[in-house]
Each structure stands twice: as structure tokens, then as C-alpha cells.
Amino acid sequence: MFSLSFQRIFPARVLLACCLLCLNFNARAKEGMHVPATLKSKEADMRAMGLEIPVEELFNEQGTGLNNAVVLFGKGCTGEIISSKGLVLTNHHCGYGTVQGLSSIDHDYFARGFWAMNREGELPCPGLTVTFVRGMENITARVLNGIDDTLNDIARNAIISKRIQSLEKAYAYTSGLDASIRPLYTGNQYYVFLTQTYKDIRLVAFPPNGIGVFGGDAENWMWPRHTGDFSMFRVYAGAGNKPADYAKDNKPYDAKEFFTINAGGYKEGDFTMVYGFPAVTDEYVTSSQVQQVQYISDPIRIAVRTQKLGIWNASMQQSRDVFLKYTSKRAGIANGWKKWQGEVKGLQVNNVTSKKLQYEQRFQQWAVAHDSAYPYAVGMPALIEAQTISIDSILKTDEYVREAVYGIELISQATATERLMQCFRTRMSAAALQDTLTKLVKNMGGFYKNYDAPTDEKVFAGLMQTYFAACPGWLPSYYRIEYQQHGSDFAQWAHAVYNTSLFTTQERLQKFAANATVSDSLRLLSDPAWQLYHSISVMRSNHITPALTHYSERMRYLNRLYMKAQMAQRNGADLYPDANFTLRLSYGKVKGIDPDGAAPYSYQTTLNEVVALDDSTSYEFKVPQKLKDLYAKKDYGHWAVNKTVPVAFITDNHTSGGNSGSPVLNAKGQLIGTNFDRVWEGTMSDLNFDPRLCRNISLDVRYTLFIIDKFGGAGWLLKEMKIVR
Ligand code: ARG
Ligand code: GLU
């Protein structure tokens, strides 16, 4: 159907012009997130685009490459080492959770920032880790040797996981490092990664939110951008420079490889690289899988979150208390909400499904011609399409269950019933029961501190109606009966639930806990929030989860074979593996953007624009007084360019979630910035990279240095960095 309408709209001549355009674009921007060990095959291309150093400086088998200066920061971000004494630069939003744990009313680092004035002043960060990748090796032959490609996944995995276990042990033993073996190309290749995880990490510098979150949600995923999204930590090591638990006497990690900072700037067209840990991409899926994202998952998530954000925003505007409670939660759900809107738009304007369909037709021709070597390839996209179509309605329901039903805070909070019930099952005395329950409820303080039941009641009424309308065939009896018993009126039903549920306030739950007797478990089990959660979850685990599990197992098998055939068809050329949180390098150029063809945006923003946006009545756009003072005095130290300071810039490197905090390098491999976001119009790059619309957003390292130096007054840190121009 799509291919037909595509041809009707685009006659052959236009198509040809489009193809030429695409080729032209490809010459300018480079799709791909490359495994560092494979960079040699890219070297000529990188050189042609501007690279000035041998790729061996980025990664080499002797283990002395710049990969040693790129770290997995915590569990989901990237960071870079910028001094021989283990200084790590990453994003503000990557350090945020850690800093929340270190903050209190007396030490409000979000309001005032944090600047260590010497080593002793650096703050230990319990739980935070930094992981180095010391080496990697393609060991596909050893993992897959003798296994037939078409062997079913259960049998295949049984063999593979045994091999992986013993290989990991052997690699760890011989290297003295941690070894983890990971699949690439959907299980068609395996690499061993040799890593070291440091556990004594200390906070060094953290600008206040007025800089680090400036522009907030309004500017999130947007260009032009003005967020000073950085923070700084230091890695500490034990004896022999090795990882060790926190100890006061640990020494700063002695880094042999770290990034030289280039404060000389860049201009449009300059070569750039991003080195980091992108999390997930799906570049090789079929048209039907893209459609699933574009027409089912993304739209459902966007619609439900639009509804929920509408209710939250209204409450937040009415009450400062609700605002403070919900601002961080709102940022969390708005992040995906905004990204998916960009993704859907990008998939639409790019006709990605149509392009994929065309590609699949060419694939099919190839498959027929290579039938003897790849018999499973013939008809593969159609086979995958049949699978996706068969799961569409289940998938749709699951999206609604997760977003609309579990999206109601009271409903997800009621899952605590399971934990509370454990106490009743262990047959303790009434006193012990009350004591244990009370402690459990006390631990829920984090949730209730940021919870407003009246707001959530409105969310319940709204989202339950949405679920009702969208999934009429998936209403458990409990749902139907309750709805009818409350006058078939969602607001009435919501009111009754919030009036009676134990989970509506911590006090109510606390009172229950303090007076509970063994027979009170029934009161818990009959709680309306729990009942509703339970009835939906039972339905889900009986009828949805098994189908989804079966589907994803089947798809893993088909996608692996489809990937294998695509690799053969394209001779492996230009096929980079999908992101999976392993270390990657992407290359591209500094480049402005013109998303709607109206007027191009420059590739850079400046401090002048930050100050022009200042709005003391707005939480997101309030510039700290001290920054305004520096601006008024033009007190920019070494960091002035054209009488201002550059703030952020865009390049067309291929990045994804997880690349937050990644070093952005120039042609010499020197640090010019820190990646922190993408432009929302181009977020479909997780499925399809479009050089016209895909841009990653980075913080200019000169803004970072200016803020540390002039705003934070922590100039002592600059002395240990190697800064060139
Ligand atoms: N969009 C960026 C990312 O995906 C930054 C998110 C944090 N900032 C925010 N305003 N919510 O992680
Ligand atoms: N902010 C994202 C992160 O935390 C990076 C943005 C993106 O998805 O490219 O990794």
C-alpha cells in the first residue's frame, strides 16, 4: 500500500533526483557509530573529511589509544578524562541524580552550585561508578564456531552462553581486567570488551540549575540551545592505580591518556568526532517495524503523555507546592514525549517506510539470486511483516497498559501491596508486624514527598477514560463492575478510589501499619487501587506478556538472519552495528540547520543570547545574578570570542541516548565540546539517519572553562588541564 502511493506521488524522475540528493547528502554527513577496533577501514574516509591524526591514536591494540580517556559514566552516560589526575567531564543531567543524593536544604547544590576549592573539598559519591574500556577483540569465530545460522535460538543460546562464560573467565584471567562478551549485528558478531570499573568517584564541580538546566524543558531537544549542561568529577584509585572502594587515602587516578582541550574553537564545516556509549538504535529493521513505531508505539505514548502533562501542568500552575513536587517528574516524562514527537515527524517527512519498502524490494531480488547460499533470506521482510501485524493489537494494548494504567501514580504505588503482604505471610506477632510495616511505609517517604493526590485523581479520571475508549476488549471484570457501580462516570469513580485507597496519603498508610493485625491483610487486598492494578496485571500476564515474549523471541531469530543476509548483500560495506551501550565513534562536521526550510539556524549560540533570554519570573530562564554581573563587566577571561562566550554548537555526528556527556573532538582528537542532546526534528536517527535533519548538540568547552573559572572561581582546576589553541 505504501509503495503504491509512494509511486503515485513521486514519478520516476523525481525519484531519481531524490536519490541523487541522498547521495549528495551522504557525501556531507556520515551515518554510523563505529566500533573503535574497526576504525582502520574508515581511515581513508575520515582523512578525506578532515581527520589529521592516525586512527591508532583513537584506538589501538596495544591499549594506548584515546579510548582510555572515554568512560561509561554511571550506568547510562558517557564522560571524558581531561587531566592526568583523573578529572572527568560529563553532563549536568548525568550528574544530577548523584548530586541530588548529596544535597540538602543546607547544601542546596541545585540552587547554589558546587565548586571544590581543592582536592580535600571534593565530595565522595556513594554508588557512582566510572568504567574504562581498555581493549576489545572480535571473537565471533570462537563464539559461533560450528553453529548453524538457522539453528533455533533456544538451542543456539544454550551453546553460546556456555562458550561465553568460559571465554569471559579466560579473558579476565589473562588480562587481569573485567571481560564481557557482547553481541553485535543482532548476534552475528561477538566482541569481548576488557573493562575496569572505578568505584571511588568524587564530585568536583556542578553549576547551579540556573546554568546547568537553563532553558529547562522548554529548550530540551531544541536548537538554538543555551543550557550549560556540564558537571565534573574525579576518579580515585587504590594501590597500583587500580579500582578500589572509597577510602580517604585513595589517590587521584593516574591517567596516561586524557584529552587535550582545544580552546581555539571551530568553524562551520570543521571535522568532528563523538566518542561514547550510545544505548539503542534500530537501523536495520523492516518497514513494518518502523510502522509499528510510527503508528502504534510513539503515537500512543505521545497522546497519553500529552493528556497527563496537561493535567500536571494545570495543577503546577495553580500551586507552587505542586510545581516543586512535579517539576523533576515532569522533566522525566516530557523527555521521551518530546523526542517521540520529533521521531514521528522525522519518519513522516522522510518517508522512511517507503524508502525501506524500496530497499526490501532490492533485497528480495538479491535474495532470489543468492538462494543457494542464503535460502532463508527469500521473503524475509514479508515474514517479519506477518509477525509484526500479528502482534500489533497486543502491542497497542500493552502500550496503553503501561502508559495509561501504570502511568497513574496511585496505581503504581499500590504495587507496594505485594511487599506489605509479605509481612502478613510470615506470621509474625502483631507487634513485629506493626513494626515491620511501619518501617516499610516510612521508606515510601520519597514517593509521598513528591506526590499530590488531587492532581493524581484527575489523572486517574482522564487516563482511565482513555484506556476504556482505546482498549474496550481488554477490560477486566473488576474494571467494568467498578466503573458501572460509580455511575459510569470516571470522575465519580476516581473520587471514590482516592477517598478509600490506603495509598492516597502516607499518613493513611502509616495509620494502617501502626494498628495492623494479622487479619488486616484483607483490607490491603481489597484496596481499590490494588484491585485495579491487580486485575489489569493478571490480564496482562495471562494474555499479553506471553504473546509479546513469544513475538520478541521469534523476531530476534528473524532479525538476526535478516541482518546476516543484509551484511552479505552489502558486502559488509558501510554496515555499522546498532548501538548497544558499547563504545563507539562517529564522525561528521560542524553544521547549522534549516529544519523547515524557512531560515537556517547558525551552528553556535552565545552568552549574549543566554542573557537576552533572562526572565526572573521564570524558573527555567532565570540567569544567576553572578553570571549577569560577569556579562555586564564583560569579564570573560581567556574565553571571550567576538566580545562574548560561545555556549553550544551543533554537528552532524550520529549519536543517541547514552551519548550524553561524550567528548566532541576536532580533527586532531582534541576536546572542543561535550555532547548533551539532539535536535528533535532529527531524533528518528535511531531508526533512520537523515543528514539534513540530524544534529547533535554539544556544550562548547570554552563555556565550561569560563563557568568554572569566572563563575565558580575554581580556576585551580584549569591548571591540571592541557589547554591549547
Ligand atoms: N534530552 C536530553 C536527553 O535525552 C536531556 C534531558 C535532560 N534535560 C531536560 N530538560 N529534561 O537526555
Ligand atoms: N540527552 C541524551 C542522553 O542522556 C542524549 C540525547 C540523545 O538521545 O541523543 O544520552
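Index from 1, following the sequence. Order of appearance sets the numbers: ligands from 1, and atoms from 1 within every ligand.
- Screening Ile81, Thr131, Val235 against Val71 for a side-chain contact (heavy atoms from CB on, under 4.5 Å) leaves a single residue, Ile81.
- Sorted by chain and number, the residues within 4.0 Å of ligand 2 by heavy atom are His93, Trp221, Ser656, Gly657, Gly658, Asn659, Ser660, Phe676, Asp677, Arg678.
- Contact between Asp178 and Thr197 at its shortest, heavy atoms only, is OD2-N, 4.2 Å.
- For ligand 1, the protein residues placed under 4.0 Å by at least one non-hydrogen atom are His93, Gly216, Asp217, Asn220, Trp221, Ala331, Asn335, Phe676, Asp677.
- Using cut-offs of 30° and 60° for the angle between ring planes, the Tyr703 and Phe706 rings count as tilted.
- Using the six-membered ring where Trp is involved, Tyr96 and Phe206 have ring planes that are tilted, between 30° and 60° apart.
- In this pair, Phe230 and Trp115 present their aromatic rings tilted. The plane angle is within the 30 to 60° band.
- Ring to ring, His654 and Phe689 are close: their centroids are under 6.0 angstrom apart.
- Smallest separation of non-hydrogen atoms from Leu699 and Gly228: CD1-CA, 3.8 Å.
- Heavy atoms only, all atoms of each residue included: Leu324 and Thr327 are closest at O-CG2, 3.6 Å.
- Under the 6.0 Å cut-off for aromatic ring centres, Phe233 and Phe73 qualify, their centroids lying closer than that.
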